[in-house]
Every structure is written in structure tokens, then in C-alpha cells.
Amino acid sequence: MVIRLPEKFEKRMRELLGEEYEAFAMGYETEHAAGLRVNTMKLSAEEFEKVAPFGVRKIPWIRNGFYYDADIVQPAKHPYYFAGLYYIQEPSAMTPAAVLPVVPGERVLDLCAAPGGKSTELAAKLCGEGVLVSNDISNSRAKALLKNLELFGTKNAVVVSEPPARLAERFEGYFDKILVDAPCSGEGMFRKSPAIMKNWEQYGVEYYQKLQREILPSAVKMLRPGGMLLYSTCTFSPEEDEDTLAFLLREYPELSMVKPELSYEGFAPGRPEWADGTEELAKAIRIWPHRMEGEGHFVALLQKSPDADCVSVPVERIRPAKLSEEAADFLNRISITLMPERLVAREERLYLLPEELPDINGLRILRSGLLLGEMKKNRFEPSQALACALKAEEYDNCYHLTAGDEDVIHYLKCETVTAKEPVKDGFVLVCVDGYPLGWGKAANGVIKNKYLAGWRMM
């Protein structure tokens with residue numbers, strides 16, 4: 001496949017790359033690389049490599065990333081995808097979340113998060129501890145973000161749909177780590193998604209540069225002293241990359257560039273000469289598709305001075321939920337820690353909230369914490385999100401299927417399944433090769449399907 005590039009883009013890239021341009025242009029005559037990233041909340045990269053149902057090979061700079069052959073396999077059609085074992089993601093796009101050094105227990109923000117590629121990796125790094133706030137200004141895109149986080153088994157996420165400035169009113173100085181994968185002109189994705197070129201021709205780079213400079217001040221405001229901010233784009237444009245970084249360093253002297261610990265021989269440094277000459281800009285990472293097996297990306301890590309002014313955000317007091325008898329009985333069957341002081345009820349729905357949240361009332365919230373289920377009259381209905389967040393050994397009534405069993409497909413299509421092995425009556429956790437898919441309700445060996453209809457396999 002040969003891609004016809006916009007003439008204006010070609011001319012500018014010739015000027016920027018000089019002798020490298022011909023190698024760069026030849027890349028558009030080849031297919032883009034397809035990748036997936038393993039969900040380390042459910043299994044390690046090494047474990048996945050052993051059980052992978054199709055051919056994979058390691059992405060050298062991503063510890064849990066793999067290439068696959070998109071001409072041969074469709075990972076999104078396999079039951080392991082529905083078990084949340086991996087996220088399908090372009091290899092270079094895995095880099096920002098890999099570079100941001102998140103550890104369990106931290107407060108983390110993904111500011112422009114949909115559809116969830118970065119957020120799901122940040123959630124895996126947190127291991128269910130601390131809090132992840134995932135935001136996207138588009139409500140429809142935020143719904144896709146929520147699904148991906150729940151599919152991954154995330155317990156501690158707050159999914160929000162607000163402009164960054166409105167978030168900054170509630171979270172000033174709150175976050176240890178912030179990722180801003182900014183809206184951009186998308187030049188680095190022309191090979192993977194040629195339709196982006198029309199958007200580029202319509203808006204150009206100036207439109208997105210302006211948007212980035214509107215978003216970033218809110219991110220800086222929400223970062224605690226000593227905290228780290230990861231800025232990334234999927235464009236080659238110096239105006240949106242080095243020049244935007246130079247703007248940040250000028251406007252916010254409390255910020256400084258940090259050289260990422262993650263390194264790879266294919267990474268190229270930022271180009272100070274393409275902005276104001278500030279040598280610090282060379283600490284950024286440029287990913288060029290003619291130098292490594294991935295699309296175009298730009299990644300920069302910054303840190304706020306520990307001596308910067310600090311604002312303390314008060315933690316909201318929670319009124320713990322009064323559990324129904326049925327809810328209490330069901331939750332007693334689950335062997336995960338459910339702190340009573342973090343259980344809240346909103347109407348009939350029961351949630352497990354993350355720790356130490358500020359007041360978020362009034363924000364457009366799609367989900368706050370883990371939805372455990374609904375306390376209906378005389379019964380408790382566990383949620384799809386809870387099923388995804390559990391391990392098989394954490395519930396006392398599981399029905400196990402193998403990936404090759406045709407009943408897995410029947411189940412994922414929301415059809416009733418007849419058990420081939422003994423199963424207790426009541427709610428049953430349906431698993432594939434030991435990994436939960438969702439709920440069913442068993443009666444006399446027949447499992448009525450409780451898989452979330454909106455997620456069903458088409």
C-alpha cells in the first residue's frame with residue numbers, strides 16, 4: 001500500500017529531516033505494525049507469551065507489549081480479549097504510559113484519556129491501590145473509556161467528562177502523576193489511519209498548538225510539588241512538540257525536564273533547534289517510523305519543583321452504605337478486601353470508592369470507583385465490572401470453560417448455557433481458562449446468561 005501524502009506535509013518534512021527524508025518516506029510504502037499490551041493485573045507478559053492463542057513477538061521497548069500479524073489473526077474476536085487479558089494498541093502509543101513512573105498507591109490523572117489505551121496501563125501500574133482519575137471532555141468517548149477500564153478489572157478509577165479547567169477547580173495540587181496525551185494534528189498516524197490527513201489539511205498544526213496551550217496550564221495546576229507530568233502527542237510537528245514544551249518551561253519555571261528511565265536504541269532525542277534552543281528539550285523522546293517498528297510519537301517527562309507553592313485539597317467525608325441483607329451475604333462470598341468505610345450506595349447501586357477522594361459532587365461523573373452491583377428488592381445483582389475485577393479463586397462458585405469450547409461463544413453472545421460440570425445454584429462466575437468473563441445464574445444445571453448485553457460478542 002502506497003500512501004499519497006499532502007504536498008505541504010512532504011515539503012516540511014523534507015526541510016526538517018534533510019538526508020533522512022527518503023528513508024522516512026519509504027516507510028509509507030509498508031503496512032503499519034499491529035500490537036497488543038498485556039494486562040498485568042491479570043497475568044504477566046511471560047505468562048501471556050506461554051498461553052497466547054496466536055503468534056506474537058515482543059515489542060523491544062515495552063515490557064508487556066507484543067506485535068501480532070493483523071493479516072492472520074483478530075485478537076478482538078478471541079475470548080481472551082473479553083476476559084480483559086490484553087488491550088489492542090499501536091506499539092508507539094504504548095510509550096507514554098510506559099515512561100510515566102507510576103507506583104501503587106499514587107494519585108494519577110489521565111487528562112485526555114479516551115478510549116483508554118493509556119489509562120488501562122496506568123491502572124495496571126497502580127495495582128488497585130491509590131486512585132486513577134480518567135477524563136475525556138467528550139461524553140461519548142468517555143463511555144468507551146469506562147468500558148475499557150472495567151474490562152481490565154480496574155477497581156480504583158473515577159471516570160469523568162469535564163473540561164480540564166473545571167477539573168483543576170477541584171483537584172489543585174492533588175495528583176502525584178499526570179499524563180496529557182494531547183489532542184494533536186496526528187501526523188504520526190498518517191500511515192495507520194490515512195483519513196487523518198483530511199483533518200490535518202482542514203485544521204493544520206496551529207489549531208492544535210493553541211488547544212494544547214489551553215489544556216496544559218490546568219494540568220500544571222493539578223500537579224503536586226515534586227509530581228511528574230508526561231506530555232505526549234502522535235505528531236511530528238515541532239509547533240506541537242518542542243515548541244509547546246518550550247512554552248511550558250517559560251511559563252512555569254517550577255517545571256523542569258526529566259530524562260526518562262525507559263530507553264531504546266531506536267528513540268531519537270527532542271530537537272531544541274526546532275523551538276527556542278533550550279537544551280533541556282533534548283531530553284524528550286521522538287519516535288520516528290523509519291527508525292523503529294512503530295508509528296510517530298513524541299514523549300516528554302517533566303517534574304514540578306518540590307519547593308513549588310502547595311495547596312491542600314480536603315478529602316471528602318464518606319457516608320458508608322447500609323447494606324441490604326442480600327448484598328452483605330453476597331459480598332461475604334468474595335475473598336477480596338472491601339473496606340466498609342469506602343462502600344457507598346447511590347440509589348440502588350453499590351460502589352467501592354477509591355481512597356482519599358476530594359469533593360467531586362457536581363462533576364460529570366460516569367463512574368466513581370468499582371460498581372459492585374445493585375441492591376434490588378429482596379436480591380442483589382452483581383455487576384459486570386465486579387466480575388472483571390475478580391480472580392476465579394476469589395469467588396466460591398465458578399463455571400470453567402476453555403477457549404476452544406463453543407459454549408464460550410454462546411455465553412459471550414448472551415445465550416443460555418447448560419453446564420457440563422456440576423455447578424451450585426445461584427450466581428456463578430463464568431471463566432475462560434481460569435479468567436472471569438462475567439456472571440450467570442444457575443438453576444438445576446442451566447446457567448441463565450447475565451453477561452452485560454452492551455458488551456456482547458457480535
Side-chain angles (χ1 to χ4, degrees), residues 39 41-44 47-48 50-54 75 77-86 128 150-155 323-338 343 348-350 352 370-458:
N39 180 2
M41 285 193 287
K42 293 183 181 283
L43 75 171
S44 69
E47 288 169 332
F48 176 77
K50 291 177 183 176
V51 302
F54 41 78
K77 297 291 186 182
H78 195 277
Y80 286 178
Y81 175 82
F82 292 84
L85 299 196
Y86 51 79
E150 290 189 333
L151 183 61
F152 248 51
T154 308
K155 300 184 182 77
L323 299 184
S324 67
E325 183 179 340
E326 295 78 14
D329 287 345
F330 183 89
L331 296 178
N332 282 335
R333 298 169 59 188
I334 298 172
S335 57
I336 61 173
T337 303
L338 298 172
L343 295 177
E348 294 180 331
R349 292 186 158 200
L350 182 65
L352 175 67
L370 175 63
L371 172 61
L372 298 172
E374 294 186 53
M375 296 188 289
K376 298 186 176 181
K377 187 177 181 180
N378 299 323
R379 69 184 195 278
F380 179 76
E381 293 270 351
S383 73
Q384 179 68 41
L386 176 59
C388 293
L390 289 172
K391 294 181 172 64
E393 60 268 24
E394 292 173 336
Y395 185 65
D396 66 0
N397 190 21
C398 294
Y399 180 59
H400 292 280
L401 296 165
T402 62
D405 192 321
E406 62 181 13
D407 277 347
V408 173
I409 305 303
H410 293 315
Y411 175 76
L412 291 172
K413 290 186 174 182
C414 293
E415 298 170 9
T416 296
V417 173
T418 300
K420 298 170 185 172
E421 302 290 340
V423 61
K424 292 184 287 187
D425 285 356
F427 280 103
V428 57
L429 188 60
V430 180
C431 303
V432 57
D433 293 335
Y435 299 101
L437 291 170
W439 299 106
K441 195 165 188 181
N444 300 318
V446 176
I447 301 175
K448 183 179 179 182
N449 203 302
K450 293 289 183 177
Y451 191 69
L452 189 62
W455 290 18
R456 68 184 181 275
M457 178 183 281
M458 303 302 288

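Note that the coordinates shown come from a computational prediction; the quantities given were computed from them, not determined experimentally.
The closest side-chain heavy-atom distance from F82 to C388 is not below 4.5 Å. Side-chain atoms of P53 and Y80, non-hydrogen and from C-beta on, do get closer than 4.5 Å to each other. Looking at M457 and Y81, their side chains never come closer than 4.5 Å, going by heavy atoms from C-beta outward. The shortest distance between side-chain heavy atoms of L370 and T154 does not fall below 4.5 Å. With a 4.5 Å cut-off on side-chain heavy atoms, P75 and H78 do not count as touching. Within the 4.5 Å cutoff, no side-chain heavy atoms of T416 are placed close to those of I447. The side-chain heavy atoms of L350 and L331, taken from C-beta on, include a pair separated by under 4.5 Å.
Closest approach of D425 and N444 over heavy atoms only: OD1-N, 3.0 Å. Counting all heavy atoms, side chain and backbone alike, L429 lies closest to Y395 at CB-CD2, 3.8 Å. Contact detail for A392 and G434: the closest heavy-atom pair is CB-O, 3.5 Å. The two residues A387 and P436 have their closest heavy-atom pair at O-CB, 3.3 Å. The minimum heavy-atom distance linking P79 with A403 is given by the pair CG-O, 4.1 Å.
Judged as a salt bridge (Lys or Arg N to Asp or Glu O under 4.0 Å), and not counting sequence neighbours, K77 has no contacts. For K42, there are no salt bridge (Lys or Arg N to Asp or Glu O under 4.0 Å) partners, not counting sequence neighbours. With sequence neighbours excluded, no residue satisfies salt bridge (Lys or Arg N to Asp or Glu O under 4.0 Å) with R349. Every residue meeting the side-chain contact (heavy atoms from CB on, under 4.5 Å) condition with A83, not counting sequence neighbours, appears here in chain and number order: L85, V432, Y435, L437. E415 pairs by the side chain to side chain donor-acceptor pair (under 3.5 Å) definition with H410, not counting sequence neighbours. By the ring pair (Phe, Tyr, Trp, His ring centres under 6.0 Å) test, Y411 is found to be paired with Y451, residues two or more places apart in sequence or in another chain being considered. Residues passing the side chain to side chain donor-acceptor pair (under 3.5 Å) test with H400, sequence neighbours excluded: none. Every residue two or more places apart in sequence or in another chain that forms a side-chain contact (heavy atoms from CB on, under 4.5 Å) with P382 is listed here: F330, F380, L386, F427, W439.
C398 SG to K424 NZ: the interatomic distance, rounded to the nearest 0.5 Å, is 9.0 Å. The distance from the CG atom of L352 to the CD1 atom of I336 is 7.0 Å, given to the nearest 0.5 Å. In this structure, CG on L372 lies 6.5 Å from OG on S383, to the nearest 0.5 angstrom.
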Exercise. Evaluate side chain to side chain contact (heavy atoms under 4.5 Å, CB included) for T402 paired with V408, printing each intermediate quantity in order.
Key: CA-CA 7 Å; T402 62; V408 173; 6.0 Å; no
Quiz prompt | Working for side chain to side chain contact (heavy atoms under 4.5 Å, CB included), residues W455 and L151 | solution = CA-CA 10 Å; W455 290 18; L151 183 61; 3.9 Å; yes
Quiz item: Given Q384 and E150, is the side chain to side chain contact (heavy atoms under 4.5 Å, CB included) satisfied, shown in steps?
Solution: CA-CA 8 Å; Q384 179 68 41; E150 290 189 333; 6.0 Å; no
Quiz prompt | R456 and K413: CA distance, side-chain angles, deciding distance, side chain to side chain contact (heavy atoms under 4.5 Å, CB included) verdict | solution = CA-CA 5 Å; R456 68 184 181 275; K413 290 186 174 182; 5.6 Å; no
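Every pair tested for salt bridge (Lys or Arg N to Asp or Glu O under 4.0 Å) that includes a residue from residues 432-447 fails, sequence neighbours excluded, so the list is empty. The list of salt bridge (Lys or Arg N to Asp or Glu O under 4.0 Å) pairs with a residue in residues 394-410, not counting sequence neighbours, reads R333-D396, D405-K420, D407-K420. Legend: salt bridge (Lys or Arg N to Asp or Glu O under 4.0 Å) pairs involving residues 377-393, not counting sequence neighbours, sorted by first then second residue: R379-E381, E381-K450.
Under the 6.0 Å cut-off for aromatic ring centres, F48 and Y86 qualify, their centroids lying closer than that.
Judged by distance alone, the side chain of N397 and the main-chain N or O of V423 form no donor-acceptor pair under 3.5 Å. Remark: the backbone N or O of M375 is not paired with any side-chain donor or acceptor of S324 at under 3.5 angstrom.
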